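Data first, discussion second: the structure below is written as structure tokens.
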Amino acid sequence: MIVVMRPGSTQADVEHVVQLVKDFGLTDHVIVGTDRTVVAAIGDKRNVDKSAFEAYAAVEKIVPILAPYKVASKEVKSEPSLVPIDKNATNVIGGKKIGVIAGPCSVESKEQLLEIAHAVKEAGAIGLRGGAFKPRTNPYSFQGLGEKGLELLAEAREATGLAVVTEVMSIDQVDLVCKYADVLQIGTRNMHNFNLLQACGRTDKPVLLKRGWSATLDEFLLAAEYIINEGNQNVILCERGIRSSEEYVRNTLALSIVPAIKRESHLPILIDPSQGTGHAYMVPAMSKASVACGADGLLVEVHHDPEHAMTDGAQSVTPATFKQMMEDLKPIAAAVGREA
Ligand code: PEP
Ligand code: MN
């Protein structure tokens, strides 16, 4: 349920309500909006006496949360959430500006990473993506450079100022990845790994959560809920395509999730047109479509030598294509009231 505070409620009023929530054995999430503060009370409400809240003068009303997800839902917070992607919150995802995070699928070497990082920065990206731990279908495929890859990402951040977004695959990698990354990426295969979601929820890093390739919207938002419930409200959703019977694409990019998420949740959503199609030639068109349908940004694979990329070369655009694409996004963003 949501306890809606009256406009002008004081910090002490909010603390009083938070204490009541705790007294009933529920978990509190205080959400400060532009015109009012609400306290979401999550947990088993069978023994909750609502009149205890209603009797308190600073409480305006109690509203049940109907959606299965609670703190991720729009019922709890109607304004969009802005998620900072770097320590100083210089760049956010979810604001007027379309946030583009770009870089190679995998970190391969210092030269490779720095060349791509400088190129995407110059073209207007705000974050650098790159996998150091790669979830590969085939155990004999390149698995990523591990900690060495993380060190290179940190070097690239130093050199460019870009925020580093990189995948964490297991709970035992969380501390290590946190040492180097600005944003923790949870991959499509791990969206249902509830213990990993919780472990990332206990960190102070924003989390980029990819939708499972066969997960429903409810399952996606419930996965986000696992992270938020641990105290980390900085969740960025990412659609990366779903499995279908199509063969001309690697995945089917389900852009219709964007308006649906916008209706259901306050969390920002990015589109990954690279995993989402599997083909570099489709990436510019689907990026434009993503911005047009209301996505808050993109996660794009860029490689200076796609033919020799160790992973996902076929879906990686070159720096030149990326630069052109970033230009082409500008009028589309403007047409939907955004900026690119
Ligand atoms: C990736 O971003 O390179 C990746 C492995 O993504 P996903 O988890 O969406 O397959
Ligand atoms: Mn990839």
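Every number for a ligand or one of its atoms is a count from 1 in the order of the listing. This one's a predicted model, so the numbers in the text were calculated from it and none came from an experiment.
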Next on the checklist: I'd like to know whether D172 forms a side chain to side chain donor-acceptor pair (under 3.5 Å) with S170, so could you lay out the CA-CA distance, the side-chain angles of the two residues, the decisive distance to 0.1 Å, and finally the verdict.
Outcome noted: CA-CA 5 Å; D172 60 5; S170 63; 2.4 Å; yes

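- Between E230 and L197 the shortest side-chain heavy-atom distance does not fall below 4.5 Å.
- A salt bridge (charged side-chain N to carboxylate O under 4.0 Å, His left out) check over residues 264-293, counting only residues at least two apart or in different chains, returns the pairs K210-D272.
- Atoms of ligand 1 lying under 4.0 Å from any heavy atom of E301, numbered from 1 in the order shown and given with element: 1 (C), 3 (O).
- Every atom of ligand 1 is numbered from 1 in the order shown, and the set under 4.0 Å from a heavy atom of G187 is 8 (O).
- The shortest non-hydrogen separation linking S274 to E301 is OG-N, 2.9 Å.
- Counting only protein atoms, the N, O or S atoms lying less than 2.8 Å from the Mn ion (ligand 2) are C105 SG, E301 OE2, D312 OD2, ordered by chain and residue number.
- Within the structure, the closest approach of C105 to ligand 1 falls below 4.0 Å when heavy atoms are considered.
- Here the closest non-hydrogen pair linking Y180 and A154 is CD2-CB, 4.0 Å.
- For the residue pair E15 and Q19, no side-chain donor N or O sits within less than 3.5 Å of a side-chain acceptor on the partner.
- Numbered from 1 in the order shown, with element, the atoms of ligand 1 that lie under 4.0 Å from a heavy atom of K134 read 1 (C), 3 (O), 5 (C).
- Of the protein's non-hydrogen atoms, K210 NZ, 2.9 Å is the one closest to atom 6 (O) of ligand 1.
- Listed by number with element, the atoms of ligand 1 under 4.0 angstrom from any heavy atom of R189 are 8 (O), 10 (O).
- By the 4.5 Å heavy-atom criterion applied to side chains, I42 and H29 are counted as neighbours.
- Ion pairing between a basic and an acidic side chain is recognised when a charged N comes within 4.0 Å of a carboxylate O; D312 and R250 show such pairing.
- Every atom of ligand 1 is numbered from 1 in the order shown, and the set under 4.0 Å from a heavy atom of R240 is 7 (P), 9 (O), 10 (O).
- To the nearest 0.5 angstrom, T277 atom OG1 is 10.0 Å from Y248 atom OH.
- For atom 8 (O) of ligand 1, the closest non-hydrogen atom of the protein is T188 N, 2.8 Å.
- When R129, E167, M169, M191 are checked for heavy-atom proximity to atom 2 (O) of ligand 1, R129 turns out nearest.
- Interface atoms of ligand 1 facing Q185, defined by a heavy-atom separation under 4.0 Å, are 1 (C), 2 (O).
- Atom 1 (C) of ligand 1 has its closest protein heavy atom at Q275 NE2, 3.3 Å.
- N232 places no side-chain N or O within donor-acceptor distance of the main-chain N or O of R202, the cut-off being under 3.5 Å.
- A tilted orientation is assigned to the rings of H279 and Y281, their planes being inclined by 30° to 60°.
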